[in-house]
Amino acid sequence: MDLKKIIRDIPDFPKKGIIFKDITPLLQDPASFKCAIDTIASRYENDSVDIVLGAEARGFILGGAIAYRLNAGFVPARKPGKLPHHVTKAEYALEYGVDTLEMHQDAIKPGEKVLIVDDVLATGGTASAKVNLVEKLGGEVVGVAFLIELTFLEGRKKLDNHNIFSLIQY
Ligand code: AMP
């Protein structure tokens, strides 16, 4: 399936100069959604993944479905103040300033194999924050998987030494 055709470009969203990759048409089309989830999940079938980690909000949708397919658990990474129990934090750089992601301290046990999933790899800042969170808790990152990679932003460079996969590249 050519999934590129079903991803919608929204120019100047959320601000001028950004071409936003809107994945909602893909999510709402049963065959495309299934194809995307099955193709990503099948790559990790033999990796004994314990946990799939996804950050809000689109990482929840893809991560939850991939976790189900892999018979793995799902762990959410969230913006500050959203998770109710004890958290661990990682900061990451934005274009201007920094942002933070949080995860429950007991979400990953030492030695667990973790697959990190997100919709878009842009600069790699949020993905490297998620890698830091997993490794801080003693988890082993077996892969970092994206639906879309914006290769011209070279986000891969921030994720050196990790097994990176993207389904669609621009
Ligand atoms: P980054 O930390 O720069 O790799 O940005 C990754 C996060 O920002 C992803 O979780 C995406 O959801 C979002 N993002 C960045 N650029 C875009 C884009 N052009 N279209 C859609 N989402 C984007």
Side-chain angles (χ1 to χ4, degrees), residues 2-29 32-33 35-37 39-41 43-44 49 51-67 74-83 87-104 107-108 114-136 139 141-170:
D2 187 2
L3 294 176
K4 238 182 192 177
K5 282 196 190 131
I6 202 160
I7 289 164
R8 182 161 56 191
D9 280 0
I10 311 282
D12 298 324
F13 181 89
K15 55 185 174 185
K16 217 171 168 48
I18 305 277
I19 299 174
F20 189 84
K21 297 295 181 192
D22 178 16
I23 65 163
T24 60
L26 181 151
L27 297 176
Q28 86 193 50
D29 178 60
S32 302
F33 185 45
C35 173
I37 296 301
T39 310
I40 295 174
R43 289 186 67 87
Y44 304 96
V49 174
I51 295 290
V52 175
L53 172 74
E56 62 185 286
R58 283 162 282 162
F60 288 0
I61 302 164
L62 301 171
I66 290 167
F74 178 78
V75 164
R78 300 210 64 180
K79 294 282 163 62
K82 301 278 192 184
L83 287 168
V87 295
T88 183
K89 306 169 194 279
E91 286 192 338
Y92 58 97
L94 293 175
E95 206 175 343
Y96 303 109
V98 292
D99 212 341
T100 305
L101 274 179
E102 294 184 347
M103 213 168 77
H104 276 151
I108 289 164
V114 181
L115 171 65
I116 297 172
V117 172
D118 205 356
D119 63 334
V120 177
L121 172 59
T123 66
T126 50
S128 66
K130 281 173 265 178
V131 168
N132 290 343
L133 285 170
V134 171
E135 292 180 344
K136 210 154 73 168
V141 177
V142 295
V144 192
F146 301 90
L147 194 55
I148 296 168
E149 177 176 2
L150 305 177
T151 55
F152 54 91
L153 294 174
E154 301 186 324
R156 267 176 192 261
K157 287 190 179 164
K158 280 212 185 79
L159 302 165
D160 278 358
N161 315 320
H162 288 94
N163 166 22
I164 315 296
F165 170 71
S166 59
L167 196 55
I168 301 162
Q169 296 81 30
Y170 293 89

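No hydrogens, no waters, no symmetry mates; every other heavy atom, side chains included, goes into these values. All ligand and atom numbering here is 1-based and tracks the order in the structure. Model, not experiment: these values are computed from the prediction.
- Taking any N or O of A122, backbone or side chain, at least one lies under 3.5 Å from an N or O belonging to ligand 1.
- Here the CG atom belonging to L150 is positioned 9.5 Å from the OG1 atom belonging to T123, to the nearest 0.5 angstrom.
- Counting only heavy atoms of the protein, atom 19 (N) of ligand 1 lies nearest to I19 O, 2.9 Å.
- Other residues, nucleotides and ligands contribute more than 12 heavy atoms inside 6.0 Å of the CD1 atom of I18.
- T88 and K136 form a side-chain donor-acceptor contact under 3.5 Å, judged by distance and modelled atom types alone.
- No option in V144, I37, I66 other than I66 meets the side-chain contact (heavy atoms from CB on, under 4.5 Å) test with V117.
- Residue contacts with ligand 1 do not include G155, since none of its heavy atoms lies under 4.0 Å from the ligand.
- At under 3.5 Å, not a single nitrogen or oxygen of A127, backbone or side chain, sits near a nitrogen or oxygen of ligand 1.
- Here the side chain of T100 pairs no donor or acceptor atom with the backbone of A90 at under 3.5 angstrom.
- Interatomic distance, CD of Q169 versus OG1 of T151, reported as 7.5 Å (0.5 Å rounding).
- K130 forms no cation-pi arrangement with Y92, by the criterion of a distance under 6.0 Å to the ring centre and an angle within 45° of the ring axis.
- Taking CZ from R78 and CZ from F60, the interatomic distance works out to 4.5 Å, rounded to the nearest 0.5 Å.
- Closest protein heavy atom to atom 12 (O) of ligand 1: D119 OD1, 2.9 Å.
- Heavy atoms of L150 approach ligand 1 to within less than 4.0 angstrom.
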- Task: Evaluate side-chain contact (heavy atoms from CB on, under 4.5 Å) for E102 paired with K82, printing each intermediate quantity in order.
- Result: CA-CA 8 Å; E102 294 184 347; K82 301 278 192 184; over 6 Å; no
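- In terms of protein heavy atoms, atom 4 (O) of ligand 1 is closest to G124 N, 2.7 Å.
- The backbone and the side chain of T123 each have at least one atom closer than 4.0 Å to an atom of ligand 1 (non-hydrogen atoms only).
- In this structure, atom 20 (N) of ligand 1 lies nearest to the protein heavy atom K21 N, 2.8 Å.
- Taking every non-hydrogen atom of T126 and a distance limit under 4.0 Å, the qualifying atoms of ligand 1 come out as 1 (P), 2 (O), 5 (O), 6 (C), 7 (C).
- Of all atoms in ligand 1, listed by their number and element, those nearer than 4.0 Å to a heavy atom of R58 are 12 (O), 21 (C), 22 (N).
- Considering both main-chain and side-chain atoms, F20 never comes within under 3.5 Å of ligand 1 through any nitrogen or oxygen pair.
- When heavy-atom distances to ligand 1 are checked against a 4.0 Å cut-off, V120 comes that close through both its backbone and its side chain.
- The protein does not reach atom 8 (O) of ligand 1 closely, with no heavy atom under 4.0 angstrom from it.
- Heavy-atom contacts of D118 reach the following atoms of ligand 1: 9 (C), 10 (O) (cutoff under 4.0 Å).
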- Checking side-chain contact (heavy atoms from CB on, under 4.5 Å) for the pair N163/V142: CA distance, chi angles, key distance, verdict? CA-CA 7 Å; N163 166 22; V142 295; 5.9 Å; no
